[in-house]
Amino acid sequence: AEPTTTAPLFEGREVAISPSKISSVENSSMDWFLDRVAPDELPVHVGLGTLVHWALEQEPWGSEEQLRELVAERFGELEFDSGWLSRAGWRSAEVFCHALAGYLREREQEGVELVGSEFDIEYRLDGLALVGSIDRIERDPDGRLIVVDVKTGQVITAQADIDDHPQLQAYQLALSSGAVVAAEGDDETVSDINGPLGGAQLVWLASGLKGQPFRVSSQAALDEQGL
C-alpha cells in the first residue's frame, strides 16, 4: 500500500524528548515514535520505582524507616494481578528503601551536601528540546556538582556503557549550560551555584556491591569536547 503521507512528522516544530528516552531513539527510532504516539500501559515495576523516587523527594536524607513509611502510604495505588504479586512488589519496595537509605548514609558520612532534588531541565538545540528532571544534584567535599540518577531496574555493569550513557551525558550538558531550574516554580538556575561539574552517577537499588545494598556507577565530568 502507498503511504498516506511522506511529509516530515515534526516539520516546523520542536521535538521534545526526555533524556531517559535517548537510548530508545538510538536503538530504534521507530519504536520510540510508536511509544510516543501510542504508549503502552506502564508495568507495575515502573510505578514502584516512581513511588521510591517520590519518597526520596519528600525525605532527601531519609532513613530506611522514613522511606518505607512513605512508600507504604501510596503502595495501594499500584494495581497487581494477584495477592502474591502484591507481596512480591512490597518485598522489592523494602529492598529499594534499604538500599537507598544505605546510599544516603554513606554520602552523609562522606560530607556530601544536597544542592536539591527533582530539578527540571529544558535544553534546546537545533529543533530538539531535552525536557525532563534530575533526581538529585549533590556537592562533593571538593565543591564539585554531581548529578545523581536513582535506578530500580536492571544494573548496567560495563564501565564503557556508563561512560557513554546518553541520559547522564544529557544531564551533564544541561547542568553545564544553565538549563536546569529548581522545581516548584523556583526560577533559580543551577548555573547560579558556584562549583565545577564533577560528573554524574547512577545509583542502583536492585542489587548491591562490595558489601553494600546498593551500587554506584560513575560517569566522569564531560570535558569541553564531550559537552
Side-chain angles (χ1 to χ4, degrees), residues 17-28 31-32 35 40 42-57 59-64 67-68 70-71 75 78 80 85 87-110 112 114 117-119 121 132-138 140 146-175 198-222 226:
I17 183 172
S18 167
S20 64
K21 297 295 185 181
I22 296 177
S23 293
S24 299
V25 176
E26 292 180 337
N27 294 333
S28 173
D31 288 345
W32 167 80
D35 185 61
D40 292 329
L42 292 177
V44 171
H45 74 266
V46 174
L48 182 56
T50 299
L51 289 189
V52 173
H53 282 79
W54 173 79
L56 177 62
E57 184 181 2
E59 291 287 351
W61 292 110
S63 66
E64 180 177 351
L67 296 171
R68 189 170 58 245
L70 285 166
V71 172
F75 187 77
L78 302 179
F80 295 90
L85 285 174
R87 291 188 293 273
W90 177 247
R91 287 194 294 272
S92 293
E94 290 183 312
V95 168
F96 296 155
C97 291
H98 176 64
L100 182 54
Y103 168 79
L104 297 175
R105 297 292 77 77
E106 180 176 89
R107 297 301 273 174
E108 273 191 315
Q109 294 168 6
E110 293 172 346
V112 169
L114 177 67
S117 58
E118 292 301 321
F119 284 97
I121 71 167
S133 63
I134 297 175
D135 291 341
R136 289 168 69 89
I137 298 176
E138 300 175 345
D140 71 12
I146 311 293
V147 173
V148 178
D149 190 65
V150 176
K151 297 290 190 185
T152 57
Q154 186 174 0
V155 175
I156 299 173
T157 58
Q159 186 59 46
D161 292 335
I162 300 299
D163 293 339
D164 294 332
H165 198 278
Q167 183 179 3
L168 294 185
Q169 291 174 336
Y171 288 154
Q172 290 205 57
L173 175 62
L175 181 57
Q201 296 179 339
L202 296 174
V203 179
W204 306 97
L205 306 183
S207 64
L209 185 68
K210 297 180 180 178
Q212 296 285 10
F214 61 90
R215 60 191 296 159
V216 175
S217 301
S218 298
Q219 183 183 83
L222 299 180

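When every heavy atom of A99 is checked against every heavy atom of L205, the shortest pair comes out as CB-O, 3.6 Å. A pairwise comparison of heavy atoms in I162 and I156 identifies CD1-CG2, 3.9 Å as the closest pair. Heavy atoms only, all atoms of each residue included: I137 and L114 are closest at O-CD1, 3.7 Å. Contact between G198 and I146 at its shortest, heavy atoms only, is O-CD1, 3.2 Å. Closest approach of W90 and F75 over heavy atoms only: N-CZ, 3.5 Å. Heavy-atom minimum distance, V71 versus A55: CG2-CB, 3.9 Å.
With values rounded to the nearest 0.5 angstrom, Q159 atom CD is found 7.0 Å from S217 atom OG. To the nearest 0.5 Å, the span separating CG on L175 from CD1 on I134 amounts to 6.0 Å. Distance check: S117 OG to H53 NE2 gives 11.0 Å after rounding to the nearest 0.5 Å. The distance from the CG atom of L67 to the CG atom of L104 is 6.5 Å, given to the nearest 0.5 Å. With values rounded to the nearest 0.5 angstrom, E59 atom CD is found 12.0 Å from C97 atom SG.
Contact check for V147 versus Q201: no side-chain heavy atoms found under the 4.5 Å cut-off. Put simply, the side chain of R136 does not reach to within 4.5 Å of the side chain of D149, judged on heavy atoms. At least one side-chain heavy atom of L168 sits less than 4.5 Å from a side-chain heavy atom of L202. The closest side-chain heavy-atom distance from V150 to L56 is below 4.5 Å. Contact annotation: the side chain of L222 never approaches that of L173 to less than 4.5 Å [non-hydrogen atoms, C-beta and beyond].
Listed for the R215 side chain is no donor-acceptor partner under 3.5 Å among the backbone atoms of V155. With hydrogens and angles disregarded, no donor-acceptor distance shorter than 3.5 Å links the side chain of H165 to the backbone of D161.
Side-chain atoms of Q219 and Q172 form a donor-acceptor pair, as typed in the model, at a separation below 3.5 Å.
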Original post:
Could you go step by step and tell me if E110 and R107 meet the salt bridge (Lys or Arg N to Asp or Glu O under 4.0 Å) rule?
Top reply: CA-CA 5 Å; E110 293 172 346; R107 297 301 273 174; 3.1 Å; yes
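Residues passing the salt bridge (charged side-chain N to carboxylate O under 4.0 Å, His left out) test with R68, sequence neighbours excluded: E64. By the salt bridge (charged side-chain N to carboxylate O under 4.0 Å, His left out) test, R105 pairs with E108, sequence neighbours left out.
Residues F119 and Y171 keep their aromatic ring centres 6.0 Å or farther apart.
Of the listed residues (W61, W204, F96, F214), just one forms a ring-ring contact (aromatic ring centres under 6.0 Å, His included) with Y103, and that residue is F214.
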